[in-house]
Number of protein chains: 2
Amino acid sequence: MDVAKAERIRIYDVARVAGVSVATASKALNDTGRMTDATRTRVKQTALALGFRPNAMARALTQQRSFTIGLLTNDSYGRFTLPVMAGINEALVDQGVSVFLCGIEDDAALGKIHVDAMLDKQVDGIIATGKRIDRRLPVDLSELPLPVVYAFTEGPADAVTLVSDDAQGAREATEWLLGLGRQRLVHVTGPDSFASVSARAGAFREAAGAAAAVLHGPWSEAWGHAAVAQLWQQETPPDAIFCGNDQIARGVVDALRERGVDVPADVSVIGFDNWEIVAAATRPPLTSVDMNLKELGRVAGRLILDLAEGKPVEPGIRTLPCKLVVRQSCGGDMLARPNRQEELQGI
Amino acid sequence: MDVAKAERIRIYDVARVAGVSVATASKALNDTGRMTDATRTRVKQTALALGFRPNAMARALTQQRSFTIGLLTNDSYGRFTLPVMAGINEALVDQGVSVFLCGIEDDAALGKIHVDAMLDKQVDGIIATGKRIDRRLPVDLSELPLPVVYAFTEGPADAVTLVSDDAQGAREATEWLLGLGRQRLVHVTGPDSFASVSARAGAFREAAGAAAAVLHGPWSEAWGHAAVAQLWQQETPPDAIFCGNDQIARGVVDALRERGVDVPADVSVIGFDNWEIVAAATRPPLTSVDMNLKELGRVAGRLILDLAEGKPVEPGIRTLPCKLVVRQSCGGDMLARPNRQEELQGI
DNA sequence: ATGAAAGCGCTAACAC
DNA sequence: GTGTTAGCGCTTTCAT
């Protein structure tokens, strides 16, 4: 088998065996040009029989298209990027497009190296992803001679950008709590320097009333504990807590349990991110807002493909809806409210 | 700038401006052939001045080397694969090698598609990674006409395979507990169908004594709780618990706290995986065994590079050492045992 | 020391 | 309908 190493079948071989010229073979295989159906079929069958697979490099060299795109990410932890990647891959794999993974750890120099390498390798486009929608990657992609799509990271104003709809997600969560009959809602979330925090807090206030409190702190379980300690010092503690992420929510739920407050009987809790590992391990499992990151990746893949093919794509920011994933930290009887459930999941 | 799209500088341009032939230019830039130092420098400088970047596809076509490798993974969750990827990238990026990310969700068909795509794109080698060292990917890579390295997944006997040293990691953890003066050690771990579970349990028993109990269960926090419930029914509960992963360890620590048992005063707990998000959020933060997955990725990267360059690489399974990361769930005074600390960290 | 020319494997004009 | 020919951008003998 070692001898077979260099013996890859070329289109030349197919042509010879099929008794045609390489040109005809090429056309036959690519369904271009004109010829007898018989010839076309014959060529295709010999190609199949010989196990011919075209050399993508050679093809790229002439076609000016490599069927390869680059995925630039600075989310080394992968919590946000991973689902996005999965979606991108899903959208591109059956189009024969491969993805170069380029992890730049917020490092401009590393970013430049990767971008240069991609350019050298003639990628058809670049998808940039990050962990915050209000931060840019440390590399400038705006002057590149190829299409760029920004997913879950900030891009130039005239770029194609994809983000999830923080406001809508927060609104759904808040309305869900209100629909449950909760009256005293509080939003415990991350630092207000995050754009997504403001967006969610804004939507929360709009739905819950301007008087509803919003508490900012770090994105940690510890902050969830601290927030509960603070809230339960008041005369009338809340009966529903909407958290900025699942870690805070887990801290909140744990703190409540330790305090003897029953979740969901006494207090409903909702998280954000739907990070399975946290949401499912919480006792009780967290109802949480899912940002649909995989779908976001899929859309990004489709868009970069369209751009690479020269199809027109409207620039601007596209927001994709979030989805509330109901587990047990809220209470309420799902089966008794089928309409509402459909309403929320039918997005 | 849109016009510049097609105006990539070719070696032809460099040659013309430098006043030499393309052949000379090529040699000058690649530090091959023989010529005046003056000529070489001049060519290099014009190339730099013109911003020349060689077309990797064209180069690959002639050189039979694409400077591209494929990363096949079935760990969609990314907990194990992600650090491995980071290591691979780190090892390859400065060698100018790019990585194709191929996520196959334990799906043989998807796997084949990706492998074929990689072959078409002339990758110089493939690194296969998974989430278990005793499971194979659903694709056969053994007959491929290019080098393959298996990292954190099972490969054929004669392949180059990388795994972390479960036994050594478990031994270090156990010895650490013993060194702390703990007497009644218990190992609470995952299903014994996992090879790594057996390896760790074996090492644990060897170090802690054959009488030391090993409890198997699911890889979940809930199992940690259950195990504690079970253990504390006995007349003499353990004073040290070594857990098979951090989630179990977190469950154990939480259960102990709820029971009023002080960690680390009364009981020392050690986890496995050093999954930051779990280990750091536990109260108190978990001491845990780190599998050094990033280093494993680095080594995999170097090996696939060596193989691609035709350098000889001894086949077989290579085990990489784990490292105990000390936090606060064990007690003991770090500063008082500098030797031991060095001993463990100097790996 | 330098350059002309032949290819790497494929596609695409343009003849026939 | 099918084949001839000329590249894509680069590397690499082999002359000179």
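Residue numbers start from 1 in every chain, and the chains themselves are labelled A, B, ... in the order their sequence lines are given, proteins ahead of strands.
- Along DNA chain D, the stretch of nucleotides lying under 4.0 Å from any heavy atom of chain A spans, 5' to 3', dG1(D) to dC8(D).
- Contact check of residues 42-56 of chain B against DNA chain D (heavy atom, cut-off under 4.0 Å) returns Phe52(B), Pro54(B), Asn55(B).
- Between the C1' atom of dT11(C) and the OH atom of Tyr12(A) lies a distance of 17 Å, rounded to the nearest Å.
- Within the structure, no pair that satisfies the ring-ring contact (aromatic ring centres under 6.0 Å, His included) test touches residues 10-41 of chain B, not counting sequence neighbours.
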N/O donor to acceptor pairs below 3.5 angstrom from side-chain atoms of residues 66-74 of chain B, sequence neighbours left out:
| unit_1 | atom_1 | unit_2 | atom_2 | d |
| --- | --- | --- | --- | --- |
| Ser66(B) | OG | Thr68(B) | N | 3.4 |
| Ser66(B) | OG | Gln122(B) | O | 2.7 |
| Ser66(B) | OG | Asp124(B) | OD1 | 3.3 |
| Thr68(B) | OG1 | Ser66(B) | O | 3.3 |
| Thr73(B) | OG1 | Asp75(B) | N | 3.0 |
| Thr73(B) | OG1 | Thr81(B) | OG1 | 3.1 |
| Thr73(B) | OG1 | Thr129(B) | OG1 | 3.4 |
| Asn74(B) | ND2 | Asp106(B) | OD1 | 2.7 |

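- Per the geometry, CZ belonging to Arg34(A) stands 17 Å off P belonging to dA12(C), to the nearest Å.
- For the pair Arg59(A) CZ and dC8(C) C1', the computed distance is 16 Å after rounding to whole Å.
- With sequence neighbours excluded, the residues satisfying side chain to side chain contact (heavy atoms under 4.5 Å, CB included) with Val163(B) are Ile133(B), Thr161(B), Ile317(B), Thr319(B).
- End-to-end axis angle for the helix from dA1(C)-dT16(D) to dC16(C)-dG1(D), using five pairs per end and rounding to 10°, comes out at 50°.
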- Task: List the steps and the verdict of side-chain hydrogen bond (donor to acceptor under 3.5 Å, both in side chains) for Ser142(B) and Asp140(B).
- Result: CA-CA 6 Å; Ser142(B) 62; Asp140(B) 181 20; 2.7 Å; yes

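- Residue pairs meeting the ring-ring contact (aromatic ring centres under 6.0 Å, His included) criterion with at least one partner in residues 113-141 of chain A, sequence neighbours excluded, are absent.
- Listed by first and then second residue, the ring-ring contact (aromatic ring centres under 6.0 Å, His included) pairs that reach into residues 19-52 of chain A come to none, sequence neighbours excluded.
- We find that CZ of Arg16(A) is positioned 13 Å from P of dG9(C), with the value rounded to whole Å.
- You'll find the side chain of Val14(B) stays beyond 4.5 Å of the side chain of Val20(B), heavy atoms only.
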Look for any protein N or O under 3.5 Å of an N or O in nucleotides 14-16 of chain C and output each such pair with its distance, or none.
none

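- The nearest whole Å value for the distance from the CG atom in Leu61(A) to the C1' atom in dC8(C) is 9 Å.
- By the 4.5 Å heavy-atom criterion applied to side chains, Arg136(B) and Thr153(B) are not counted as neighbours.
- Between Thr39(B) and dT2(C) there is a side-chain N or O to OP1 or OP2 distance below 4.0 Å.
- Within 4.0 Å (heavy atoms only), Thr24(B) reaches at least one base atom of the nucleic acid.
- Rounded to an integer number of Å, the gap from CZ of Arg40(B) to C1' of dG3(C) is 15 Å.
- With dT11(C), dA5(C), dA1(C) as the candidates, the nucleotide lying closest to the side chain of Thr62(A) is dT11(C).
- Listed by first then second residue, pairs satisfying ring-ring contact (aromatic ring centres under 6.0 Å, His included) with a partner in residues 135-157 of chain B read Phe80(B)-Phe152(B), not counting sequence neighbours.
- Met57(A) places its CE atom 13 Å from the C1' atom of dC10(C), with the value rounded to the nearest Å.
- Of all the residues in residues 114-122 of chain B, not one reaches under 4.0 Å from DNA chain C with any non-hydrogen atom.
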Enumerate, atom names and distances included, each donor-acceptor pair closer than 3.5 Å involving a side-chain atom of residues 91-105 of chain B, sequence neighbours excluded.
| unit_1 | atom_1 | unit_2 | atom_2 | d |
| --- | --- | --- | --- | --- |
| Ser98(B) | OG | Lys121(A) | NZ | 2.8 |
| Glu105(B) | OE1 | Ser76(B) | OG | 3.1 |

